[in-house]
> 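Quick one: structure below, then a few questions.
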Amino acid sequence: MQTWLFKSEPDVFSWSDLVARGAKGEAWDGVRNYQARNNMRAMKVGDLGFFYHSNEGKEIVGIVRVIAPAHPEAKDETGKWECVDVEAVVPVPSPVSLDAVKANPKLSDMVLVNNSRLSVQPVAADEWKEICKMGGVDLKKLKGS
DNA sequence: GCCAACGTTGGC
DNA sequence: GCCAACGTTGGC
């Protein structure tokens, strides 16, 4: 399993919006960047990801699961762009802020720090664990879900 | 609201 | 195929 990070402006689509969708989840559409698209193409059903609020909050607030692999966007007439579907899994009990990520030397290689503009990013296994620890996420609970 | 960083577009 | 111009993102 690989892990990822999804960015969204809470004004446009927030963590609570995704929670409200329940098991139906939501298509992660609107991505217009090849790197981000390629990351989505590499995702498998069951992969987990962080949900990050950009602009407002600037913190990791939840954990999502990929529930459908990359598929063409229905609305996209060019046929170039794709999206995966994700559902909310658990909230991060104490959200991990961008400041906290930057302040942690173990996370200095994170894409979030070095390429803040990429909206869908891979997260390394050790980074994943570290942030879960910081946020108070119970990893055992996650596995069983 | 500003601006730096980045990606894309289009003229040559 | 290069690169200047432009648009967008996102931190501050």
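Quick caveat: nothing in here was measured; it's all calculated off a predicted structure.
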> Under 4.0 Å between any heavy atoms, over every strand shown, what does A:L98 touch: base, sugar-phosphate, or nothing? Just pick one.
sugar-phosphate
> Would A:Y52 and A:K58 count as having a side-chain donor-acceptor pair, cut-off 3.5 Å?
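Checked: A:Y52/A:K58 side chains show no N/O donor-acceptor pair below 3.5 Å.
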> According to the salt bridge (charged side-chain N to carboxylate O under 4.0 Å, His left out) rule, which pairs have a member within residues 111-130 of chain A, sequence neighbours left out?
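For residues 111-130 of chain A: A:K106-A:E130, A:E130-A:K133.
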> Under a criterion of less than 4.0 angstrom to any heavy atom of chain A, what are the 5'-terminal and 3'-terminal contacting nucleotides of DNA chain B?
B:dA5 to B:dT8
> Aromatic rings A:W28 and A:F6: how do their planes relate, parallel, tilted or perpendicular, breaks at 30° and 60°?
perpendicular
> With no hydrogens and no angle check, do the side chains of A:D47 and A:Q2 hold a donor and an acceptor under 3.5 Å apart?
no
> Taking atom types as modelled and ignoring hydrogens, do the side chains of A:N39 and A:W4 form a donor-acceptor contact shorter than 3.5 angstrom?
no
